[in-house]
Structures are given as C-alpha cells and as structure tokens.
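Everything on this sheet refers to the single structure shown next.
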Amino acid sequence: MSRAALVLLVAAAGIADARPHADNMPRGWAWPPSRTMAIAARACEARLDELGVAWKPAKKLGHLVDPVTVPDGVIGGIAYVPVHEKSAPVMDCQLAAALATIAPRLYELGVREVHVGSTYRWSKVRVGGKTKNMLSRHALGLAMDVVSFVDDQGREAVVGRDYKDGDDLLLAVERAIDESGTFRLVLTPKNDPISHEDHFHVEANPDYSDASDDRPSS
C-alpha cells in the first residue's frame, strides 16, 4: 500500500468529526472559495494552456472551485473516455492539470485511453465498505475513478478483472501515480478490496495554504 493511501485509510477509520467536510479537504481549502483559491484557479488555467490542453469552462457543480471540461477528451495524447456518460466529464482544473502533468509518463508506459467511471459526484468518503462522515473529493471534482486502460497495441487492461492477476500495465500505472508526487493517492483493489475492487481512485492534491489573503473571492 502506498504511504498516501495508508494515511487516508487510517484517517477514515477514526471517529467522524462533527464537521463532515473538514477532514478530507485540501490544505487551505475553504467554502466559499477564498481569494487565494481564485488566484490558484487562474494559475491552473494558465497551466492547462501551457500544457496544450484544449479545455473549456463548465457549469458550477458541488464544491468545484474551477469546473472545466476537455471537450475532445484528450490530455497529453491520452483519451479520457467516460463509460457512463455521453459527454466529457466535468472536473476541477486542478485534476485536469494533474492528469496533464503525469500524461508523458503514462504515454511512455503505453497508455492511450483511460476509461473513466466517474469524476464529479456529490458523495462522502467510502473506504472498506463503510461510508465515512466526510465529504469525498469527488464532490470537489478532484477525484477520478478509472475502470480500465487501453495500451498502444489496443489491449484493454480492466482493473476489476486483471489487477488481481498482476497485470503489468496496471501495476506500472499504479507505481507511476504513487511516485509522481502529483496526486494525493491512488486507491486500488489491493489497498481497498471492498470499496475499490473494480477501479483505481486517484485524487489531485492542490495546496491552498500559502495565500496570505483568505477572504472569500466574491
């Protein structure tokens, strides 16, 4: 199990705080968004432009600070394909930027398609088959559940089917995410075989704590 995943599992196992949103939020996070977070959102959009991601603003959802879509679904040469929706998934800019940052490494491993189960949804943390009294980062648009990866030979590695057999591509992707420093964690059928038995759950990890002005942005 990765160190980051272990931290989450230990925290989630504790007694629920009376403030359901507090324990699972990024550092410096506030709602409504602080001015610092608004500044970080603009910087994130500039980062997407720099990385060549063809993004568009999206409608406000949940607690997304900066909702965006990638209409063509392509980030860093990798197609992100929703399996339950017809349109491109809405996510926070910070998740799109994290995916763009790790894209060269995933492309090097042979990944050409990522089949997405979900990004945004209003939900609480679920670990080990139990729902915890803290808001999931899906509700912030910072988390993505991935059900399979397709490589440059057209082979699909399905998490729910192939991970338990030690599929090389799935294990390589897991290591790449763990080692990247870009994501907070990756939950897999190994470290949570009940709630994440058929997908990888990855989370972007923005840090809003450095700003000196934490007044609301509006």
Side-chain angles (χ1 to χ4, degrees), residues 3-5 7-8 11-12 14 16-71 73 75-76 80 82 87-103 116 118-127 132-146 177-178 180-187 201-218:
R3 181 178 181 275
V7 169
L8 179 68
D17 190 280
R19 302 163 298 162
H21 304 343
D23 291 347
N24 196 45
M25 299 297 98
R27 292 183 61 189
W29 186 89
W31 197 262
S34 67
R35 184 165 299 179
T36 296
M37 294 165 70
I39 292 170
R42 292 195 290 272
C44 181
E45 292 172 0
R47 177 65 173 159
L48 290 185
D49 291 339
E50 177 187 336
L51 293 171
V53 179
W55 65 278
K56 289 186 177 180
K59 65 179 180 180
K60 296 294 184 181
L61 290 170
H63 281 354
L64 278 73
V65 176
D66 188 14
V68 303
T69 61
V70 180
I75 300 176
Y80 285 79
S87 57
V90 176
M91 65 186 79
D92 191 89
C93 180
Q94 301 289 345
L95 176 56
L99 296 173
T101 300
I102 201 173
V116 180
S118 66
T119 50
Y120 167 77
R121 67 174 186 273
W122 189 260
S123 62
K124 292 184 178 180
V125 171
R126 187 167 176 80
V127 177
K132 306 298 177 179
N133 192 29
M134 59 182 81
L135 199 63
S136 166
R137 290 199 182 191
H138 281 289
L140 279 63
L142 294 174
M144 174 178 283
D145 289 344
V146 177
I177 295 171
D178 275 337
S180 69
T182 302
F183 293 87
R184 181 190 184 203
L185 54 81
V186 52
L187 290 172
H201 170 96
V202 299
E203 294 185 0
N205 197 31
D207 186 343
Y208 301 115
S209 63
D210 292 334
S212 57
D213 185 352
D214 62 357
R215 293 174 295 172
S217 59
S218 59

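The figures here come from the full heavy-atom set of this structure, side chains too, leaving out hydrogens, waters and symmetry mates.
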Determine whether [X] and [Y] make a side-chain contact, defined as any pair of heavy atoms from C-beta on separated by less than 4.5 Å.
X    : Y    : answer
I39  : T36  : no
M144 : M91  : yes
D145 : R121 : yes
P67  : K60  : yes
D178 : F183 : no
R137 : P26  : yes

Which atoms form the tightest heavy-atom contact between [X] and [Y], and what is the distance?
X    : Y    : value
L51  : A97  : CD1-O, 4.4 Å
V125 : N24  : CG2-ND2, 3.4 Å
S180 : I177 : OG-O, 2.9 Å
P71  : A54  : CD-O, 3.3 Å
V127 : K132 : O-CE, 4.3 Å
Y120 : A139 : CE1-O, 3.7 Å

So how far is it from [X] [atom1] to [Y] [atom2], rounded to the nearest 0.5 Å?
X   : Y    : atom1 : atom2 : value
Y80 : L99  : OH    : CG    : 4.0 Å
M25 : L140 : CE    : CG    : 5.0 Å
E50 : R47  : CD    : CZ    : 4.5 Å
L48 : Q94  : CG    : CD    : 8.5 Å

- Note on the structure: Tested for side chain to side chain donor-acceptor pair (under 3.5 Å) against H138, the lone hit among E203, K124, H201 is H201
- Message: According to side chain to side chain contact (heavy atoms under 4.5 Å, CB included), who are the partners of V70, at least two apart in sequence or on a separate chain?
- Response: V53, D72, I75
- Item | For A204, all residues meeting side chain to side chain contact (heavy atoms under 4.5 Å, CB included), sequence neighbours excluded | L95, A98, L142, P206
- Query: Just by distance, do the side chain of T119 and the backbone of V90 share a donor-acceptor pair under 3.5 Å?
  - Reply: yes
- Message: With a 3.5 Å distance limit and no angle check, can you tell me whether D92 reaches the backbone of V65 through a side-chain donor-acceptor pair?
- Response: yes
- Task: Could you walk me through whether N205 and R27 pass side chain to side chain donor-acceptor pair (under 3.5 Å), step by step?
- Result: CA-CA 9 Å; N205 197 31; R27 292 183 61 189; over 6 Å; no
- Message: Are H63 and W122 an aromatic pair, judged by ring center distance below 6.0 Å?
- Response: yes
